[in-house]
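So that the names make sense, note that chain A is the first sequence line, chain B the second, and so on, each numbered from 1.
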Number of protein chains: 2
Amino acid sequence: MDDKIYDLADLFKVFSDSTRIRILYLLLGGEKNVSDISDELSMNQSAVSHQLKTLKQSDLVKVRRDGKAMFYSLSDSHVESILKIGMEHILEE
Amino acid sequence: MDDKIYDLADLFKVFSDSTRIRILYLLLGGEKNVSDISDELSMNQSAVSHQLKTLKQSDLVKVRRDGKAMFYSLSDSHVESILKIGMEHILEE
DNA sequence: TGAACATATGAACAGTTGAACATATGAGAA
DNA sequence: TTCTCATATGTTCAACTGTTCATATGTTCA
């Protein structure tokens, strides 16, 4: 059980950065490639790529290759649930 | 909306530390004072108090005074929901 | 094969964070 | 008031994190 505490903290650590949250929100609208994400967030490609790697390692996103491009999408519904409940907490007084 | 992204990241930042998660799990069992928490986590009082302050600022816990002791408890059901969904994600393959 | 494009990776640097220590505040008892 | 007990606060420091820059990998097309 104590292991799980660390895993859980690590999971939330992934949600604790605004860049990653913005990426996740973008992906709520469907899969996108790295250039699209970089453009929409006005961030350089390297920064986005690094963050996508973090998201991937936590199984929050999955990837498929299409030619030269890599398309990222949310890997399961937990992401949406977590964002939603978090937002509910924020919006309450 | 962009403000909310930062607020959301800040909220999850609070969940991103194993000490704070352990405190929250303890409080799932009902309100506890600072000494109880320090003892159960085998941590010094100052460290626990600092983390409780962080939890309080995010409205994740609330406090009441009883004599010399301060009793902390979870402030709403979002905490339990967030921990639960996070744990579901962890336990899945 | 080589050029061009898309993405990933490694290193370095600034900014942030949790724990520990020392000390301060506040409440109850004498 | 003074002495304890319970908790909070301020400071310091080592460890960690996100971004940037430079470069590498991998894919398509000619």
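Between B/Ile21 atom CD1 and B/Ser16 atom OG the span is 8.0 Å, to the nearest 0.5 Å. Residue B/Leu60 holds its CG atom at 6.0 Å from CG of B/Leu11, rounded to the nearest 0.5 Å. Annotation: the span from A/Leu24 atom CG to A/Asp17 atom CG amounts to 10.0 Å, rounded to 0.5 Å. Interatomic distance, CG of B/Leu27 versus CD1 of B/Ile37, reported as 5.0 Å (0.5 Å rounding). Atom OH of A/Tyr25 sits about 11.0 Å away from atom NZ of B/Lys4, to the nearest 0.5 Å. Note that CZ of B/Arg22 and CG of A/Leu8 are 13.0 Å apart. Values are rounded to the nearest 0.5 Å.
For B/Glu80, the CD atom is loosely surrounded, since the number of other residues' heavy atoms within 6.0 Å does not exceed 12.
The main-chain N or O of B/Gln45 is never found under 3.5 Å from a side-chain atom of B/Ser49 such that the two would form a donor-acceptor pair. No donor-acceptor pair under 3.5 Å is formed between the side chain of B/His89 and the backbone N or O of A/Asp76. Remark: side-chain polar atoms of A/Asp66 are not paired, donor with acceptor, to backbone N or O of A/Ala69 under 3.5 angstrom.
Residues B/Lys13 and B/Arg20 come closest through the heavy atom pair O-NH2, 3.0 Å. Considering all non-hydrogen atoms of both residues, B/Ser18 and A/Ile5 come closest at O-CG2, 3.8 Å.
Overall, the helix from C/dT1-D/dA30 to C/dA30-D/dT1 carries an axis bend of 20° between its ends, with five pairs at each end and the value rounded to 10°.
In terms of phosphate contacts, B/Tyr72 brings no side-chain nitrogen or oxygen within less than 4.0 Å of OP1 or OP2 of D/dA6.
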Look for any protein N or O under 3.5 Å of an N or O in nucleotides 25-30 of chain D and output each such pair with its distance, or none.
none

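Taking atom CE of residue A/Met70 and atom P of nucleotide D/dA24, one finds them 20 Å apart after rounding to whole Å. Rounded to whole Å, atom P of D/dA15 lies 15 Å from atom NZ of A/Lys13.
You can see that DNA chain C meets the heavy atoms of chain B within a 4.0 Å-exclusive cut from C/dT17 to C/dG28, reading 5' to 3'.
Taking B/Arg65 as the reference, nothing meets the salt bridge (Lys or Arg N to Asp or Glu O under 4.0 Å) condition, with sequence neighbours excluded.
Contact check of residues 18-36 of chain B against DNA chain D (heavy atom, cut-off under 4.0 Å) returns B/Asn33, B/Val34, B/Ser35. Residues of residues 44-56 of chain B having a heavy atom closer than 4.0 Å to DNA chain D, listed by number: B/Gln45, B/Ser46, B/Ser49, B/His50, B/Lys53.
Two different hydrophobic clusters hold A/Met43 and A/Phe71 under the rule that ILVMFWY side chains link at heavy-atom gaps under 4.5 Å. Residue A/Tyr6 is not grouped with residue A/Ile82 when hydrophobic side chains (ILVMFWY) are merged at heavy-atom distances under 4.5 angstrom, including chains of intermediate members.
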